[in-house]
Amino acid sequence: MEFKKNDLLTVTIEDMGHDGEGIGKYEGYTAFVKDAVIGDTVRVKLMKTRKNYGYGRLMEVLAPSPDRVEPPCAFARPCGGCQLQALSYEKQLEYKARKIRNNLKRIGGFSDAEIPMEPVIGMKHPLGYRNKAQFPVGTDREGHLVTGFYAGRTHSIIPNRKCLLGVPVNETILDTVLDFMEEYGVTAYQEDTGRGLVRHVLIRYGFRTGEVMVCLVVNGTKIPRQEELVRRLAQIEGMTSITLNVNRERTNVILGKEIRVLWGQGYITDFIGEIRYQISPLSFFQVNPVQTEKLYGKALEFAGLTGNETVWDLYCGIGTISLFLAQKAGKVYGVEIVPDAIADARKNAEINGIGNAEFFVGRAEDVLPEKYAREGIHADVIVVDPPRKGCEESVLDTMVKMGPERIVYVSCDSATLARDLKYLRERGYEVKKVQGVDMFPETVHVETVVLLSKGEIDSKKVRVEFSLEEMDMSGFQKGATYEQIKAYVLKHTGLKVSSLYISQVKRKCGLDVGQNYNLSKKEDAKVPQCPPEKEAAIMDALKHFQMLE
Ligand code: SAH
């Protein structure tokens, strides 16, 4: 059947898509319906049509789904922040598990049996969880100042100072700022003309410390009578940091680069587990501290650390995961592209007295291959937590070459996760555990943490394009690299062995040794000989890596 714009139809919602939209069928025609939940029978008006499918507006719920609930927020439908408020929390978690599973199947090519997934870890109280909010300030048609959230896919502000995902202090701060602006005639920024002063109010709250940060984003360098505003804000309980962010660009990027401290300090602190973090207005910090602790706890569990391991944490931000892991690792190396974040990471290591974490600024895809090629760096475990677009292929390639026992992949987008897992699986890594964590209740987003481990390497499984010339295949064909053998020996016996000793033992066992270790000319010169104790340890490692029977 074909339909056209404004046609009305009745459908039963059978599924929900990636953006939370209900999906229903009418005689082979598929309708996507925002705000309808799985199990609803709804009356829909088609707004946009294609041959076999169309996008409809929910006109009426004819028979509500047993899983439909009254959205806790009055603005749930127009607001662009939440998509799943009309679905019971239990079903939200099931929806997220399905989303992960479907991506792993469709994009990753995994079968159900190959996805060892536990139920998504949810929250006891799935509201009031955000430690950060950015409220745009604007003017309504009558000329009154307003603040709230953008309506879905637009930049028109829905006035609401009481977002239920946020903390109560948000409303007190917004009332203080807007009352002050009304009183002193301070203007709101207008996106269309680029005029007006106050653009956004950014608020951060430390759940464990109770510290409050307000950052006023302005199209200028100061606010008229700002000392009065600061005086009022400073009276709010927990106030720790009041800053001004200068953003004079005609852009919808919220924050500018410059921060001026108006009162108190330029940052707040908060804890995740036992680790204390300094957080400045520009830093990335997970927004749901309660669930972050569970997420990092899983990452730590999956990393399987015993105290000696060398761990790489790629895309490390302000070192949150790195420092969490450093508590149980021998050494942690973090890599991150934003220099300020690395400065924070170093400071965070210092304030927690953590001496076994080191940080590098740069793109993961540059830093890791370079360190590997130049220094032959080693990793027992690699943790990655990339942005939505996932990992660059060069990062994945280097990871495979480094051959860590375990890879822990933390992902905020299960589609790119699935793509990357497929790549790693084709190169010998097995997916051992998949765990969703609900960091963003009421929304369609879900965080996933996956444990991969180096399986029995079968070189036939390694794809042909994984060419011998380009790559160090020692991890696959000839067993382990010298670095891996050294690390294995150190871990299991506490002995340090040199490449020379390894080459001597390998030769003794009839194994191929590289050019550099072919010492035949100097055979009778005074070359140190591997002591028996170390020889035994190296033999064990060679057996472990299946280089010896
Ligand atoms: N692991 C951190 C941050 C994760 S967010 C935490 O849990 O808090 C992803 C981080 O990757 C951001 O800090 C971003 O700045 C950084 N990033 C983005 N592209 C990158 C790249 N190509 N190389 C290294 N880091 C990158």
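As a basis for the values below, the full set of heavy atoms in this structure was taken, side chains included, without hydrogen atoms, waters or symmetry mates. Both counts, for ligands and for their atoms, begin at 1 and track the order of listing.
At least one donor-acceptor pair closer than 3.5 Å links the side chain of Gln92 to the backbone N or O of Leu84. The closest donor-acceptor contact from the side chain of Asn348 to the backbone of Tyr277 lies at 3.5 Å or more, if one exists at all.
The pair Glu426-Lys422 meets the salt-bridge criterion, since a charged nitrogen lies less than 4.0 angstrom from a carboxylate oxygen. The residues Glu114 and Arg425 are annotated as salt-bridged, a charged nitrogen and a carboxylate oxygen being separated by less than 4.0 angstrom.
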Pairs under 3.5 Å, N/O atoms on ligand 1 and on the protein: can you put them in a table with the distances?
unit_1   : atom_1 : unit_2 : atom_2 : d
ligand 1 : 1 (N)  : Tyr315 : O      : 3.1
ligand 1 : 1 (N)  : Asp385 : OD2    : 2.9
ligand 1 : 7 (O)  : Gln286 : NE2    : 3.3
ligand 1 : 7 (O)  : Tyr296 : OH     : 2.5
ligand 1 : 7 (O)  : Asp385 : OD2    : 3.1
ligand 1 : 8 (O)  : Tyr296 : OH     : 3.3
ligand 1 : 8 (O)  : Thr320 : OG1    : 2.7
ligand 1 : 13 (O) : Glu336 : OE1    : 2.8
ligand 1 : 13 (O) : Glu336 : OE2    : 3.4
ligand 1 : 15 (O) : Glu336 : OE2    : 2.7
ligand 1 : 22 (N) : Glu365 : OE1    : 3.0
ligand 1 : 22 (N) : Glu365 : OE2    : 3.4
ligand 1 : 23 (N) : Ala364 : N      : 2.9
ligand 1 : 25 (N) : Ile337 : N      : 3.3

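The aromatic rings of His445 and Phe440 sit perpendicular to each other, their planes meeting at more than 60°, with 30° as the lower class boundary.
Taking the side chain as every heavy atom from C-beta outward, Leu202 and Asn245 never approach each other to under 4.5 Å.
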